[in-house]
**Student:** 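Before we start, here is the structure in question, set down as structure tokens.
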Amino acid sequence: MTKGKKIALGVFIAGGAIGMLVSLGIAQMIHMTGDDKFCVSCHVMEPMRDAYLDDIHGGKNRVGVKADCVACHLPHNNVLNYVFRKAYNGAAEAAAMVLSDPYKYDWETRRKNRKHFVYDSGCISCHKELRTATNSNLKSFLPHRDYFNGASKKTCAECHEHVGHKNLGLHLKKANFDTNQSN
């Protein structure tokens, strides 16, 4: 093997190793910043975390399984969209903490826009068997049939308005959020 080929092979191997290490580092960072422990590092999120921990998605279920915050609050339709949305949301929330007073937000009004903060692709990624599971339950069959057939334009969070954060309104009041102010 010529000296030039050895150098090219060495650069290729070193580049691959560096790329792998950077990718693993990014994946680890994304994983470490996706749960309630990280999200509550901004104290404004404490009522949301408390309501989440009271919900079946927060581990209050028969088996103690928890969905991380990013399971619902990030899109799961492709990796690029997931990473972009994670970076965008993180930057937007950091800016909100610095440039405004989130304790004065009208959180009750913001909750009405939940369809913009909860992604159906996240719901479906966990509830993969929903389509077949609801076939034997008439109450849930009809709305889910319309959803899966495209006859309904409603999102999961529009129909399941309290999912993920049980009694969030009570937790917001308990934390003395000024829910009458708009920002």
Side-chain angles (χ1 to χ4, degrees), residues 27 30-40 42 44-93 96 102 105-175 177 179-180 182:
I30 288 172
H31 174 72
M32 290 174 56
T33 60
D35 65 6
D36 59 299
K37 290 169 191 68
F38 177 80
C39 293
V40 81
C42 292
V44 73
M45 298 304 289
E46 287 174 357
M48 289 62 144
R49 187 256 344 254
D50 294 344
Y52 157 77
L53 292 175
D54 280 345
D55 191 80
I56 60 171
H57 288 86
K60 205 164 200 176
N61 54 61
R62 290 177 305 183
V63 291
V65 173
K66 288 173 67 172
D68 284 339
C69 301
V70 296
C72 302
H73 295 290
L74 287 179
H76 292 265
N77 54 353
N78 69 59
V79 174
L80 291 177
N81 195 20
Y82 182 95
V83 172
F84 170 79
R85 186 52 54 187
K86 179 143 181 74
Y88 178 85
N89 289 355
E93 294 202 15
Y105 289 162
D106 183 350
W107 288 100
E108 291 300 329
T109 299
R110 285 172 169 252
R111 289 174 66 192
K112 293 175 184 168
N113 295 322
R114 65 192 165 276
K115 70 179 183 180
H116 301 295
F117 306 105
V118 177
Y119 295 86
D120 283 6
S121 58
C123 301
I124 300 301
S125 72
C126 290
H127 297 279
K128 291 177 178 75
E129 302 299 322
L130 181 65
R131 187 176 214 156
T132 55
T134 58
N135 285 340
S136 62
N137 181 336
L138 189 59
K139 182 180 176 186
S140 60
F141 170 72
L142 293 175
H144 288 125
R145 178 199 63 191
D146 291 345
Y147 173 82
F148 285 115
N149 291 334
S152 172
K153 299 299 178 205
K154 284 189 170 185
T155 65
C156 299
E158 285 178 287
C159 289
H160 302 275
E161 61 186 81
H162 297 290
V163 71
H165 297 276
K166 186 176 182 183
N167 298 319
L168 179 55
L170 296 174
H171 288 280
L172 289 166
K173 286 180 180 143
K174 183 177 165 186
F177 275 66
T179 57
N180 297 319
S182 288

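Numbers here are sequence positions counted from 1.
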**Student:** Output the distance between atom CD (E129) and atom OG1 (T132), rounded to the nearest 0.5 Å.
**Tutor:**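 Atom-to-atom, E129:CD and T132:OG1 are 4.5 Å apart.
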**Student:** Before you tell me yes or no, could you show the steps for M48 and W107 under side-chain contact (heavy atoms from CB on, under 4.5 Å), namely the whole-Å CA-CA distance, both residues' side-chain angles and the distance that decides it to 0.1 Å?
**Tutor:** CA-CA 10 Å; M48 289 62 144; W107 288 100; 3.5 Å; yes
**Student:** Measuring from C156:SG to R114:CZ, what's the distance to the nearest 0.5 Å?
**Tutor:**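 The distance works out to 12.0 Å.
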**Student:** As an exercise, state the distance from SG of C126 to NZ of K128, rounded to the nearest 0.5 Å.
**Tutor:**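 So the gap between those two atoms works out to 6.5 Å.
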**Student:** Go through it in stages, so that I can follow the logic: the residues are T33 and K86, the test is side chain to side chain donor-acceptor pair (under 3.5 Å), and I'd like the CA-CA distance, side-chain angles, deciding distance and then a yes or no.
**Tutor:** CA-CA 9 Å; T33 60; K86 179 143 181 74; 3.0 Å; yes
**Student:** For residues A133 and S136, report the shortest heavy-atom separation together with the two atoms involved.
**Tutor:**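 That would be O-OG, 3.8 Å.
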**Student:** Of the non-hydrogen atoms in K66 and D36, which two are nearest, and what is the gap between them?
**Tutor:**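 Taking every non-hydrogen atom into account, NZ-OD1, 3.3 Å.
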**Student:** Quick check for you: to the nearest 0.5 Å, what is the distance between D68 atom CG and L74 atom CG?
**Tutor:**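 The distance works out to 10.5 Å.
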**Student:** Please check if the side chain of N167 supplies one atom and the backbone of L170 the other of a donor-acceptor pair under 3.5 Å.
**Tutor:**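 No: the side chain of N167 does not pair with the backbone of L170.
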**Student:** Please determine if K115 and D120 form a salt bridge, counting it only when a charged side-chain N lies under 4.0 Å from a carboxylate O.
**Tutor:**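 Answer for the salt bridge query: no.
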**Student:** Side chain of N149, backbone of A151: donor and acceptor closer than 3.5 Å?
**Tutor:**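 Checking the backbone N and O of A151 against the side chain of N149, no donor-acceptor pair under 3.5 Å is found.
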**Student:** Are the side chain of H73 and the backbone of F117 linked by a donor-acceptor contact shorter than 3.5 Å?
**Tutor:**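 Answer holds: yes.
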**Student:** Report yes if some heavy atom in the side chain of L130 is under 4.5 Å from a heavy atom in the side chain of Y147; otherwise report no.
**Tutor:**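 No; the side chains remain at least 4.5 Å from each other.
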**Student:** Just checking, any donor-acceptor pair under 3.5 angstrom between side chains of H171 and D54?
**Tutor:**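 Their side chains do contain a donor-acceptor pair, which is all the 3.5 Å distance test asks for.
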**Student:** Heavy atoms only: give me the nearest S121-N77 pair and the separation to one decimal.
**Tutor:**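 Closest approach of S121 to N77: OG-N, 3.7 Å.
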**Student:** Between N61 (side chain) and V65 (backbone), is there a donor-acceptor pair under 3.5 Å?
**Tutor:**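 Side chain of N61 to backbone of V65: a pair is present.
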**Student:** Can you see which heavy atom on M32 is nearest to which on F38, and at what distance?
**Tutor:**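 For M32 versus F38, the nearest heavy atoms are O-CB, 3.7 Å.
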**Student:** Measuring from atom CG of N81 to atom CZ of R85, what distance do you get when rounded to the nearest 0.5 angstrom?
**Tutor:**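 Output value for this atom pair is 7.0 Å.
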**Student:** Got R111 and L168 here, is their nearest side-chain heavy-atom distance under 4.5 Å?
**Tutor:**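 Yes - at least one pair of side-chain heavy atoms lies under 4.5 Å apart.
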**Student:** Strictly under 6.0 Å, is that where the ring centroids of Y82 and H76 end up?
**Tutor:**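 Ring-ring flag for Y82/H76: true, centres closer than 6.0 Å.
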**Student:** Given 3.5 Å as the limit, does a donor-acceptor pair link the side chain of E158 with the main chain of T155, or not?
**Tutor:**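 Between the backbone of T155 and the side chain of E158 there is a qualifying donor-acceptor contact (under 3.5 Å).
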**Student:** To the closest 0.5 Å, what do you measure between SG (C69) and CG (N89)?
**Tutor:**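 The SG atom of C69 sits 12.0 Å away from the CG atom of N89.
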**Student:** Do you know which two heavy atoms are closest between A96 and P102, and how far apart they sit?
**Tutor:**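 Smallest heavy-atom distance, with atoms named: O-CD, 4.0 Å.
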**Student:** Taking it one step at a time, do D50 and M45 satisfy side-chain contact (heavy atoms from CB on, under 4.5 Å)?
**Tutor:** CA-CA 9 Å; D50 294 344; M45 298 304 289; over 6 Å; no
**Student:** Closest approach of I30 and V83, non-hydrogen atoms and distance?
**Tutor:**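 Heavy-atom minimum between the residues: CD1-CG2, 3.8 Å.
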**Student:** Between H144 and H160, how do the two ring planes meet: parallel, tilted or perpendicular, split at 30° and 60°?
**Tutor:**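 Aromatic pair H144/H160 classed parallel.
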**Student:** Regarding E46 and R49, does a basic nitrogen lie under 4.0 Å from an acidic carboxylate oxygen?
**Tutor:**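 So E46 does not pair with R49 through a salt bridge.
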